[in-house]
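So that the names make sense, note that chain A is the first sequence line, chain B the second, and so on, each numbered from 1.
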Amino acid sequence: MHQVQLILKKEFKDYFVSPIAYIVIAIFVIVTAWLFFSKFFLYNQANLRDFFQYLPLILALVVPVITMQLFSEELNAGSYELLLTLPLSFNEIIIGKFLAASAFVAAILAPSVVFPLVISFLGDLDWGAVIGGYIGAFLLGASYVAIGLFASSLTRNQIIACIVGMAICFALAIIDKMLFFIPQPVLGVIEYLSSGYHFENISRGIVDTRDIVYFASVIFLGLYATHLVMQEKE
Amino acid sequence: MIQVQNLTKYYHEFCAVDQINLHIAKGQIVGLLGPNGAGKTTTLRMLTGYFMPTSGDIRVKDYSVHQDSLKIKDMIGYLPESAPLYKGMLVYDYLDHIAGIRGLKGENKSKRIKELADMCSLREIMHKTVDTLSKGLKQRVGLAHAMMSDPEILVLDEPTSGLDPNQIVEIREIIRKIGEEKTVILSTHILSEAEATCDRIVIVNKGQIIADGNLEDIKGEAGRGAMIHIALQQADPDEARIVLQQVEGVDSVNALKAENGELVRLQLTCRASADPRPHIYHAIKGTNWVLIEFRQETKTLENIFRELTREN
């Protein structure tokens, strides 16, 4: 556990050493604020639905940028060799990196708390939906982190890691919007696979175990796949 | 201390390390020598647990790399080739991070970092980022990294490659200091380095060990058939060749063309385990030739290495 903390601390600090962290946070805030406020006054409703509606897509594009260097850079610079010859287990390394990137996702989401605060002055806000939305957003982000981590472990090229991660996350985010292509019998299965669908449920303020289980299993699968890749490299 | 048994590593079809057996005792400084691509780095990487052998086993004390990889990693300090440290970190932060992973805490941690800073002369650069350091400085930080937990075994992959002569001497001194108490395994293709620092030299080629022993052993083993150079005045090349050919212990004589019509140069190859120099002296003494030059070519590690690793 102590080892996980050390890796978490090091990786999280790394984000703020390079300018990438600040750029990503700034872009995220600007894009979400624009998407949100551009319609907010038209509808004249005190809720965050517009903000949460686009979140699966935005995070699918942003999170792989955060996770792309986690393994790729180590592989490219050769520090992967140092990492693996230290007394650390694969699990400690993977979980440490996963938690660091997830914490960074939380840091990206944090500034957007301003939106509900502003709205609560203007009208009557359903805080349950907001809290549910943030829990969902964090789980969604963490799932994408697990996928991005896996993509990063595949290659020493950060760009490839980023694109592979985006492709998988994007597919999960939009697959429930593509359901009209899909034959009736498998519709339910495909819908269940979609991260957008589960996120929508949670962001309505209903924290259902099925949705939690979905995100937990995506995270588990992502981390387990990463573990397999590391084992294969060995 | 370390037992390597039938160690083999395949990269797909390519056999990088082929059935290596090696026993390393405590307190030895072992130099793993070989041309590029001989399998040195692969061997070290398996020893340090970076990847698993295809077959065979490495045991450190009573632990096997297959079952107790983490325990072995705990005992080994490793510096990979060209010290791939985290680029963006400050030297102090980096060492602090490693110290934490190595299980050092609080006062022990800061004490150990200070010790290593003195030992590897890092005081001045503690607050620089790693990517601003020169190669030599980086190597020293890497050495501090490897020695952080005061490990019983230190593994160094080409510790002096790319350094300038002063830095090489510095690093060698550090290695020798460590080697007084610890087991050190280093790989290199710079022969003078192995000669200068190692108690024992293991020459590897194409994944196999082709010589193993201390420098004298290897020189003796490969040094058979030493070469003797002679220069004579007032001698006839053919006649000199015939006389010297008959000397006991001489295998073959090669007479070079006479210089200025006077000086005759001869190259004598000696038979194994024989020193024919006294006999040669007496043979020449019996003639009226004037002996201008008489020297035995000392076999350097360079020659031996080339002889052993030459393609057939």
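- When heavy atoms are compared at a cutoff of 4.5 Å, B/Met46 does not approach chain A at all.
- Aromatic pair A/Phe104/A/Phe16: ring centres closer than 6.0 Å.
- Between A/Phe90 and A/His227, the two ring planes are perpendicular [angle over 60°; tilted spans 30° to 60°].
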For this session: Walk me through it: do B/Gln28 and B/Arg200 pass the test side-chain hydrogen bond (donor to acceptor under 3.5 Å, both in side chains)?
Result: CA-CA 7 Å; B/Gln28 271 186 334; B/Arg200 176 176 166 196; 3.2 Å; yes
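- No side-chain heavy atom of A/Val164 sits under 4.5 Å from any side-chain heavy atom of A/Phe150.
- With a 4.5 angstrom heavy-atom cutoff, A/Glu74 touches chain B only via side-chain atoms.
- When each of B/Met89, B/Met52, B/Met148 is checked for heavy-atom pairs under 4.5 Å with chain A, B/Met52 comes out on top.
- In this structure, A/Tyr134 has its ring center closer than 6.0 angstrom to the ring center of A/Phe52.
- With chain A as the partner, the residue from B/Lys71, B/Glu81, B/His145 showing the most heavy-atom pairs under 4.5 Å is B/His145.
- The choice from B/Val155, B/Ile72, B/Thr48 that makes the most heavy-atom pairs within less than 4.5 Å of chain A is B/Thr48.
- Interface summary for chain B: among A/Leu83, A/Val17, A/Leu6, A/Leu82, the most heavy-atom pairs under 4.5 angstrom belong to A/Leu82.
- Most heavy-atom pairs under 4.5 Å with chain B: of the set A/Ser18, A/Gly78, A/Ala77, A/Pro87, this distinction falls to A/Pro87.
- Proximity to chain B is limited to the side chain of A/Gln3, based on heavy atoms less than 4.5 angstrom apart.
- B/Lys87 touches chain A through its side chain: at least one heavy atom from C-beta onward sits under 4.5 Å away, while N, CA, C and O do not.
- The closest side-chain donor-acceptor pair between A/Tyr214 and A/Ser195, if any, does not fall under 3.5 angstrom.
- Between B/Tyr86 and B/Tyr94, the ring-plane angle classifies as perpendicular under the 30° and 60° cut-offs.
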